[in-house]
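Report on one structure; see the data block that follows.
Letters A, B, ... are given to chains in the order of the sequence lines, protein chains preceding strands, and every chain is numbered from 1. None of these values were measured; they are calculated from a predicted model.
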2 protein chains.
Amino acid sequence: MAPPAKARRRHRAPLTRERVLRAALALADEGGHEALSMRNLGRKLGVEAMSLYNHVANKEDILDGLVDLVFGEIDVAPPGELDWRAAMRDRAISVRDALKRHPWAIGLMEGRMSPGPANLRHHDAVMGCLRGAGFPFRAAVHALSVMDAYIYGFALQEKNLPFETPDQVSEVMEIQRGNVPDMDAYPHLAEVATEMAKAGYDYATEFEFGLDLILDALERSRPGR
Amino acid sequence: MAPPAKARRRHRAPLTRERVLRAALALADEGGHEALSMRNLGRKLGVEAMSLYNHVANKEDILDGLVDLVFGEIDVAPPGELDWRAAMRDRAISVRDALKRHPWAIGLMEGRMSPGPANLRHHDAVMGCLRGAGFPFRAAVHALSVMDAYIYGFALQEKNLPFETPDQVSEVMEIQRGNVPDMDAYPHLAEVATEMAKAGYDYATEFEFGLDLILDALERSRPGR
DNA sequence: ACCTGAACACCGTTCAAGT
DNA sequence: ACCTGAACACCGTTCAAGT
């Protein structure tokens, strides 16, 4: 008897590392860091949590894979296409956009002991861009350090601050005012509460202010400009 | 019969919110974020986890209290003592030092819905320093945003990067080399690995490079300088 | 007023047992 | 080869019961 047609017995696609990682990405995007549990992930794939261990080593291994998927979403202009400032500006915005889509990744991007291929390609391209623009090795490390600290720090603030749209600012300021009985003791915070409620706060504008400040300062420090 | 002397029956100091928070701070400092569980905290205080709920509302309430203890460790020069740049430079270094002592706090400092008194005092002092130095309101917000994004982002990198001392750098670079079979495909990362192993990496120097870059740029943008 | 035991609905991971 | 059930040692929190 011939084995049954493949289509018949494929009621579920077989589990693979790829499928586990894709499901983990979706789960983290939907419910954040705490939703990403082995049990939830198993449930999502129609399988018991323990089955996952046939395809990934452990949860750390899943995080390694997820971080590399995020790095894969970040664009860096190919060498020679843009001047270094435009290339690094676009890259910074691309990193922020990726971290807005995947805020659970913010604390995980740096410091992987097993960096994946997208991670390696990304950092090689960034260092290549800076070195190619004339930054000596140490200056390129400084430049990357200050840019990345700013980008990740801004993403962290954006994730944690309790408002997202300009409209929500005045709401939150009102609640905070309620939680602080002696606001008169803090005149400069009172100003922040009043002004922010009036004029709002736009993350994109704020991000680009600091980014351009840093890029301009780095350009001023660049040898042979 | 007179009641027994106080000293006799005080085999344990009575539980208070203060004592709970102090123990929580010590626990987090010793074992990081994941060691700070209600059960561990109860054990540390010689009590069942459930008893803690008589003194704090829940774990979020504990985190609120801890964050305010950390803000209490950050110094800001009193108005008029230093020029704005020196005051903000010292403050930034004080924040980084506090976050080195309490790395578990990095993701928690911003975005508290119930900011404590030390938190309020701190931010009022910082805004006061910038406004007093002539930064218009919006420029002061920009300045604080870029400084804090940098400080928190740098602290996050420092916490996550897998080496602490310059000596450890070459070790880690060796391991990473082992984990990346095709390092030749990434010439600029190869340079990083080689150079970093040779010359090391000092966080304090690196932090101050970016900090001074940002402070100089802000000073250039300050009206009436 | 404060503390506790038991319970509920969760974690990551191991291991022997099943198919 | 892959999947599972039961188990281990954990989570935060609620609630009725104790003192």
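- Of the candidate nucleotides D/dG12, D/dC11, C/dC15, D/dG12 has the atom lying nearest to any side-chain atom of B/Y53.
- Using a 3.5 Å distance cut-off with no hydrogens or angles, the side chains of B/Q157 and A/Y152 do not pair a donor with an acceptor.
- The interatomic distance linking A/H33 (NE2) with C/dG12 (C1') rounds to 13 Å, in whole Å.
- Within the nucleic acid shown, B/L36 comes within 4.0 Å of sugar-phosphate atoms alone, with no base atom in reach, counting heavy atoms only.
- If you check C/dG12, D/dG12, D/dA7 against the side chain of A/S37, the one that comes closest is C/dG12.
- As rounded to the nearest Å, D/dA9 and C/dA9 have P atoms that lie 22 Å from one another.
- The separation between B/L27 atom CG and D/dG12 atom P is 10 Å, rounded to whole Å.
- Salt-bridge check for B/R89 with B/E208: passed, with a basic side-chain N closer than 4.0 Å to an acidic carboxylate O.
- Within the nucleic acid shown, B/S51 comes within 4.0 Å of at least one base atom, counting heavy atoms only.
- Comparing atom distances between the A/M38 side chain and each of C/dT13, C/dT4, D/dT4 picks out C/dT13 as nearest.
- In terms of position along DNA chain C, the nucleotide closest to B/L15 lies nearer the 5' end than the nucleotide closest to the other residue of the pair A/A57 and B/L15.
- Atoms CZ (B/R19) and P (C/dC2) sit 14 Å apart, rounded to a whole Å.
- As a whole-Å value, the separation of A/M50 CE from C/dC11 P is 11 Å.
- Here the C1' atom of nucleotide D/dC15 and the CD atom of B/E48 are 15 Å apart, to the nearest Å.
- Neither OP1 nor OP2 of D/dA1 sits under 4.0 Å from any side-chain N or O of A/H55.
- Nucleotide D/dC2 forms a Watson-Crick or G-U wobble pair with C/dG18, both donor-acceptor distances falling under 3.5 Å.
- A 6.0 Å sphere centred on CZ of A/R22 holds no more than 12 heavy atoms belonging to other residues, nucleotides or ligands.
- Checking C/dT13, C/dA7, C/dC11 against every side-chain atom of A/N40, the shortest atom distance belongs to C/dC11.
- Of the listed nucleotides (C/dG5, C/dC3, D/dA6), C/dC3 has the atom at the smallest distance from the side chain of B/V47.
- Nearest to the side-chain atoms of A/K59 among the listed nucleotides C/dG12, C/dC2, D/dA6 stands C/dG12.
- Between A/F154 and A/Y203, the angle of the ring planes goes over 60°, which puts this pair in the perpendicular group of the 30/60° scheme.
- Between the side chains of B/H102 and B/E73, a donor-acceptor pair is found at a separation under 3.5 Å.
- For C/dG12, the paired base is D/dC8 (Watson-Crick or G-U wobble, both distances below 3.5 Å).
- Summarising the geometry, the separation between CG on A/N54 and C1' on C/dA17 is reported as 14 Å, rounded to the nearest angstrom.
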